[in-house]
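These numbers come from a predicted model, not from an experiment.
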Amino acid sequence: MLSVAKVQRRNAWRYYVRGVAFGDGRRPVGQLLKDAQEMAGLPPGRWLGRGLAALGLIEGAEVSERQMELVFGQGRHPDADRIERDLLDDGADPATARRVTVLGQPSEEIEARKQTPLLALDFTFRPQASLIVLWALGDAKTRRIIERAHERAIAKALRWLEDEVSESRWSSGRGRAKTPALVVAAFRHFDNRDGFPLLHDHCLVLNRVQRLGDDGEPVWGALDTFRLYRNVVAAGTLYTLAMTTEVCERLFLNPRCADR
């Protein structure tokens, strides 16, 4: 199953930094993200997507708290602090140095038009109920098989979105280009807010992708999020089918039982 939520400027992104990245709860003020994740028994977030190379990131690398704040809170490069510092050392003025680190149109310009910047979409993947019960009650081997199938199914759905759906739009939709390179931060959870077993991943899809500008140089722009929304059901179906098929094959289950 797949659900989608918006990650916007101001308070919404803080919910993800302080809550979702730590688990479906609220991290104590002042506690480092990595320490909170370890105490909660959660793995660190990881970077996914073909768009990582443009940001100097590696797929599977750990998502730091500062990177979360810069990318999903400010719409800036994950290494913006170093880039800005180097530019200032070279004599650039502060405004120019900061602007270089912004991915696409600055949020301040969008807000000046009385609009709320959309920084990302939260694609939350979770198995169907029968597989969650099997995962919750199964032995260590069963849980590993289900979790691995969950990971591969997410990767397959994201690749499909990149290959078949992802586009950038500009000039109020008059300009469009295929952009098969998303930037995604994924966070694994093992239960819901009430503490009941619920394997799921929050995949924050950055609302910024690279395309070639008129001069042939790469530029950052916004995703066509409407296209993503229109294909949520298809992506969710692909995820569910891929996961169910793998689990049934590995555990020798009847697929009809897993469909319930």
Side-chain angles (χ1 to χ4, degrees), residues 1-7 15-16 19-27 36-49 59-60 63 120-166 182 184-205 225 227-260:
M1 298 180 64
L2 173 60
S3 61
V4 183
K6 295 180 179 180
V7 183
Y15 164 74
Y16 286 89
V20 170
F22 156 64
D24 286 319
R26 188 168 181 82
R27 177 161 48 105
Q37 288 170 332
E38 290 178 355
M39 289 183 62
L42 293 171
R46 65 193 190 283
W47 289 107
L48 303 174
E59 185 155 9
V63 181
L121 293 175
D122 174 11
F123 278 48
T124 303
F125 294 89
R126 66 180 178 89
Q128 58 209 71
S130 58
L131 294 184
I132 292 220
V133 172
L134 183 60
W135 169 80
L137 300 179
D139 58 19
K141 179 182 178 181
T142 298
R143 291 169 70 93
R144 283 196 302 271
I145 288 174
I146 292 175
E147 289 174 18
R148 186 66 185 121
H150 172 66
E151 292 173 6
R152 278 195 278 256
I154 290 174
K156 187 169 187 176
L158 291 177
R159 284 291 180 264
W160 179 78
L161 287 170
E162 288 181 317
D163 292 337
E164 305 297 335
V165 179
S166 177
L182 298 176
V184 183
F187 296 91
R188 170 70 50 81
H189 293 179
F190 298 119
D191 52 22
N192 61 19
R193 293 182 181 85
D194 297 320
F196 293 106
L198 181 61
L199 174 67
H200 62 289
D201 276 35
H202 289 271
C203 295
L204 307 189
V205 179
T225 54
R227 275 182 61 84
L228 288 178
Y229 271 107
R230 283 195 306 176
N231 287 276
V232 165
V233 173
T237 300
L238 177 61
Y239 158 80
T240 300
L241 180 61
M243 181 175 182
T244 301
T245 299
E246 179 172 341
V247 171
C248 289
E249 289 177 352
R250 293 291 306 278
L251 296 178
F252 307 103
L253 299 175
N254 185 335
R256 292 183 180 178
C257 296
D259 286 341
R260 297 176 182 176

Rounded to the nearest 0.5 Å, what's the gap from [atom1] on [X] to [atom2] on [Y]? Could you check?
| X | Y | atom1 | atom2 | value |
| --- | --- | --- | --- | --- |
| Leu134 | Leu251 | CG | CG | 6.0 Å |
| Thr245 | Arg250 | OG1 | CZ | 13.5 Å |
| Leu2 | Asn231 | CG | CG | 11.0 Å |
| Ile145 | Trp135 | CD1 | CH2 | 15.0 Å |
| Asp163 | Leu158 | CG | CG | 11.0 Å |
| Leu241 | Lys156 | CG | NZ | 7.0 Å |

Which heavy-atom pair separates [X] from [Y] by the least distance, and what is that distance?
| X | Y | answer |
| --- | --- | --- |
| Ala149 | Val247 | CB-CG2, 3.6 Å |
| Arg188 | Pro43 | CB-CG, 3.7 Å |
| Glu59 | Gly49 | OE2-N, 3.7 Å |
| Ala153 | Ala242 | CB-CB, 4.0 Å |
| Ser166 | Leu182 | OG-CD2, 3.5 Å |

I'd like to know whether Met243 forms a side chain to side chain contact (heavy atoms under 4.5 Å, CB included) with Ile146, so could you lay out the CA-CA distance, the side-chain angles of the two residues, the decisive distance to 0.1 Å, and finally the verdict.
CA-CA 8 Å; Met243 181 175 182; Ile146 292 175; 3.5 Å; yes

By salt bridge (Lys or Arg N to Asp or Glu O under 4.0 Å) - contacts of Arg227 (at least two apart)
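Listed in chain order: Glu167.
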
Can you list everything that forms a salt bridge (Lys or Arg N to Asp or Glu O under 4.0 Å) with Arg46? Sequence neighbours excluded, please.
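Residues passing salt bridge (Lys or Arg N to Asp or Glu O under 4.0 Å) with Arg46: Asp201.
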
When you look at Phe187 and Val63, which way does the side chain to side chain contact (heavy atoms under 4.5 Å, CB included) test go after all the steps?
CA-CA 9 Å; Phe187 296 91; Val63 181; 4.1 Å; yes

If a pair satisfies side chain to side chain donor-acceptor pair (under 3.5 Å) and one of its residues is in residues 232-241, list it, with sequence neighbours excluded.
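Every side chain to side chain donor-acceptor pair (under 3.5 Å) pair that includes a residue of residues 232-241, provided the two are not neighbours, is His150-Tyr239.
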
Hey, are Arg144 and Glu147 close enough for a salt bridge, meaning a charged N less than 4.0 Å from a carboxylate O?
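Salt bridge: no.
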
Between Arg148 and Glu246, does at least one N-O distance fall below 4.0 Å, as a salt bridge requires?
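Salt bridge flag = no for Glu246 with Arg148.
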
Classify the ring geometry of Phe123 against Phe125: parallel below 30°, tilted from 30° to 60°, perpendicular beyond 60°.
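The arrangement is tilted - the two ring planes meet at 30° to 60°.
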
According to the interplanar angle, ranging from 0 to 90°, do the rings of His200 and His189 count as parallel (below 30°), tilted (30 to 60°) or perpendicular (above 60°)?
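Perpendicular, since the angle between the ring planes exceeds 60°.
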
Has Arg126 got a side-chain atom pairing as donor or acceptor with Leu199's backbone, closer than 3.5 angstrom?
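The answer is no, because no donor-acceptor pair under 3.5 Å joins these two groups.
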
From Leu161, Thr225, Asp122, Val184, residue fulfilling side-chain contact (heavy atoms from CB on, under 4.5 Å) relative to Val205
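For Val205, the side-chain contact (heavy atoms from CB on, under 4.5 Å) test succeeds with only one of Leu161, Thr225, Asp122, Val184, which is Val184.
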
